[in-house]
Amino acid sequence: QVQMVESGGGLVQAGGSLRLSCAASGRTDREYGVAWFRQAPGKEREFVASITWSGSSTYYEDSVKDRFTISRDNAKNTVSLQMNSLKPEDTAIYYCAASPKVYTNAIYYRTSREYDSWGQGTQVTVSS
């Protein structure tokens, strides 16, 4: 199993940017897909973005498309989420998760049931 640890959250004004990172450890010798999810107060956890092992396929939730970019560096066992043009509605705890399932299309990683390893989360707060 792969263990995930997020970092990079914080407080930013609307229109600003943040870059979240997720460090993987453990069985990183195996292929694994990764996604970012988020959970706002009083709301259910929702999918944000996913990426395949090779990085050649990514998939985004509609509200973050064209603002967020997911990427990974397998040599460093890290996955990043670059968030630009942030909005107050992006405020949430952001989680990265690893899936042992191997897909070539990142769309298949959009549901939480695909994942067996979750980080502890990092808070992102966007002020208006």
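Since this is a predicted model, take the numbers as computed values, not measurements.
With values rounded to the nearest 0.5 angstrom, Q3 atom CD is found 4.5 Å from S25 atom OG. Atom OG1 of T28 sits about 15.0 Å away from atom NZ of K76, to the nearest 0.5 Å. The CD atom of Q13 sits 5.0 Å away from atom OG of S127, with the distance rounded to the nearest 0.5 Å. Atom CD1 of I51 and atom SG of C96 lie 12.5 Å apart (nearest 0.5 Å). Rounding to the nearest 0.5 Å places CD1 of I70 at 7.5 Å from OG1 of T58.
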As a quick check of understanding, evaluate side chain to side chain contact (heavy atoms under 4.5 Å, CB included) for D29 and R27, giving each step before the final call. CA-CA 5 Å; D29 56 316; R27 294 305 304 269; 2.9 Å; yes
Worked check of side chain to side chain contact (heavy atoms under 4.5 Å, CB included) between L20 and Q82: CA-CA 6 Å; L20 304 183; Q82 177 66 43; over 6 Å; no
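Results of the side-chain contact (heavy atoms from CB on, under 4.5 Å) test with L86 over T125, T91, L18 single out L18 as the only residue that passes. Screening D90, V124, T122 against R38 for a side-chain contact (heavy atoms from CB on, under 4.5 Å) leaves a single residue, D90.
A salt bridge links K65 with D62: at least one charged nitrogen is closer than 4.0 Å to a carboxylate oxygen.
Applying the ring pair (Phe, Tyr, Trp, His ring centres under 6.0 Å) test to residues at least two apart or on different chains, the pairs with a partner in residues 11-32 are Y32-W53.
Here the side chains of Y94 and Q39 are not in contact, with every heavy-atom distance at 4.5 Å or above. Residues Q1 and D116 have side chains in contact (heavy-atom distance under 4.5 Å, counting atoms from C-beta outward). For the pair Y60 and V48, the minimum side-chain heavy-atom distance is 4.5 Å or more. Side chains of R19 and S71 form a contact here, defined as non-hydrogen atoms less than 4.5 Å apart. A 4.5 Å side-chain heavy-atom check between T78 and S21 finds every atom pair outside the cut-off. With contacts defined as side-chain heavy-atom distances shorter than 4.5 Å, the pair M4/V2 qualifies.
Although no hydrogens or angles enter the test, the distance criterion places no donor-acceptor pair under 3.5 Å between the side chain of S50 and the main chain of V34. A donor-acceptor distance shorter than 3.5 angstrom exists from the side chain of S99 to the backbone of E114, with no hydrogens or angles considered. Distance alone, capped at 3.5 Å, places no donor-acceptor pair between the S128 side chain and the P88 backbone.
Annotation: side-chain contact (heavy atoms from CB on, under 4.5 Å) contacts of K43 (sequence neighbours excluded): A40.
Few gaps surround CD on Q120; more than 12 heavy atoms of other groups in view lie less than 6.0 Å from it. Heavy-atom contacts from other residues, nucleotides or ligands closer than 6.0 Å to CD of E44 number 12 or fewer. Within 6.0 Å of CG on D66 lie no more than 12 heavy atoms contributed by other residues, nucleotides or ligands.
Between E31 and V102 the shortest heavy-atom distance is OE1-CG1, 3.4 Å.
Side-chain heavy-atom separations under 4.5 angstrom define the hydrophobic clusters, and the remaining members of the one that includes F37 are F47, Y59, I93, Y95, Y103, I107, Y108, Y109, Y115, W118.
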